Amino acid sequence: MKKRVDLHNHTTKCNHANGTIDEYIQKAIEKKIDIYGFSEHAPMNFDTKYRLKFEEMIIYENEIKNLRDKYKNQIDIRLGYEVDYLPNFLDDRVLLSDVDYLIGSVHFIDKWGFDNPEFIGIYKDKDIDNIWLEYFNCVTNMVKSGKFDIVGHLDLIKVFKFMPKKSIPSIVKNTLKAIKKSNMVIEINTAGFRKPINEIYPSKELLIMAYEMNIDITFGSDAHEINQVGFEYERALKMAKDIGYNRVVAFKNRDKELYQL
Ligand SMILES: [Zn+2]
Ligand SMILES: [Zn+2]
């Protein structure tokens, strides 16, 4: 069965997105998305301003579950979290929550929010190759933790277009091996088209490597606004198909479901 899947979407509850959950769903229906997932930034006792609070988890989860029932004849709604992989800040309330899937994302190297324009100055003080190596080391540790289903925006470190001197495949190879071994899925995330890099996550070069290693994919528009729902899906789909992908993964109760692209 062919399905259009979009599992990475935010809501107003993270304090840096606009639009009600209802509006996101209506837009997803309009865009003919079959399986639409919310993956709000999970609570964490760090960078607390731009994410849910622990006490809001139940409100978020119930709201999505109610709307899932309300719209069940029009669209298949899924519930997830985008979880920051930051050692010492992982919390079982999130990791063991009753959701369909968890996206594991690295937005911090140590405690440096490297994708936040506020802290862009730090790039100047560090060796760019080391930054890339450290970032992918964090992603590998996230994968090896075994606590997540989807690798969020695999090569987010390219966001500001500060590229390494070392070859990127040589930096990412071990991470991809870990992903394969863990049975995790990579998301094709179109948010990169809205950033200085102006490119999909992951790059075509890395997605080809993933394909050759038989790593499965899913899709995410990483919407923080209503009009970003389904953003640039056609380009993402074309890239995946050109490479050879013919199936897409969704999750229900932390189990994989496979659909045709
Ligand atoms: Zn966000
Ligand atoms: Zn993210």
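The chain is numbered in sequence order, starting from 1. Both ligands and their constituent atoms are indexed starting at 1 by order of listing. What you are looking at is a predicted structure, and each value in this text was computed from that prediction instead of being measured.
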N/O/S atom of His153 inside 2.8 Å of the Zn ion (ligand 2), strictly under: yes

All N/O donor-acceptor pairs, side-chain side in residues 235-242, below 3.5 Å, sequence neighbours left out:
residue : atom : partner : partner atom : Å
Arg235  : NH1  : Glu232  : OE2          : 3.3
Lys238  : NZ   : Asp242  : OD2          : 2.7

Sequence neighbours excluded and cut-off under 3.5 Å, please list the side-chain donor-acceptor pairs for residues 133-148, or say none.
residue : atom : partner : partner atom : Å
Tyr135  : OH   : His153  : O            : 3.4
Tyr135  : OH   : Leu154  : O            : 2.9
Thr140  : OG1  : Phe136  : O            : 2.7
Thr140  : OG1  : Thr175  : OG1          : 2.8
Asn141  : ND2  : Asn137  : O            : 3.4
Ser145  : OG   : Met142  : O            : 2.6
Ser145  : OG   : Lys147  : N            : 3.4

Between NZ on residue Lys180 and CD1 on residue Ile186, distance to nearest 0.5 Å: 10.5 Å

Distance in Å, Glu82 CD paired with Leu102 CG, rounded so as to fall on 0.5 Å steps: 11.0 Å

Could you go through residues 188-196 and list every donor-acceptor pair under 3.5 Å that involves a side-chain atom there, pairing it with any protein atom two or more places apart or in another chain?
residue : atom : partner : partner atom : Å
Asn189  : OD1  : Ala191  : N            : 2.8
Asn189  : ND2  : Glu187  : OE2          : 2.8
Asn189  : ND2  : Asp222  : OD2          : 3.1
Thr190  : OG1  : Phe231  : O            : 2.8
Arg194  : NH1  : Ser221  : O            : 3.2
Arg194  : NH2  : Ser221  : O            : 3.4
Arg194  : NH2  : Asp222  : O            : 2.7

Ion pair Lys13/Glu63, N-O distance below 4.0 Å: yes

Asp110 atom CG, neighbour heavy-atom count above 12 within 6.0 Å: no

Among the N, O or S atoms of His107, the one nearest the Zn ion (ligand 2): NE2

Atoms named by residue and atom, protein N, O or S, within reach of the Zn ion (ligand 1) (under 2.8 Å): His16 NE2, His41 NE2, His224 NE2

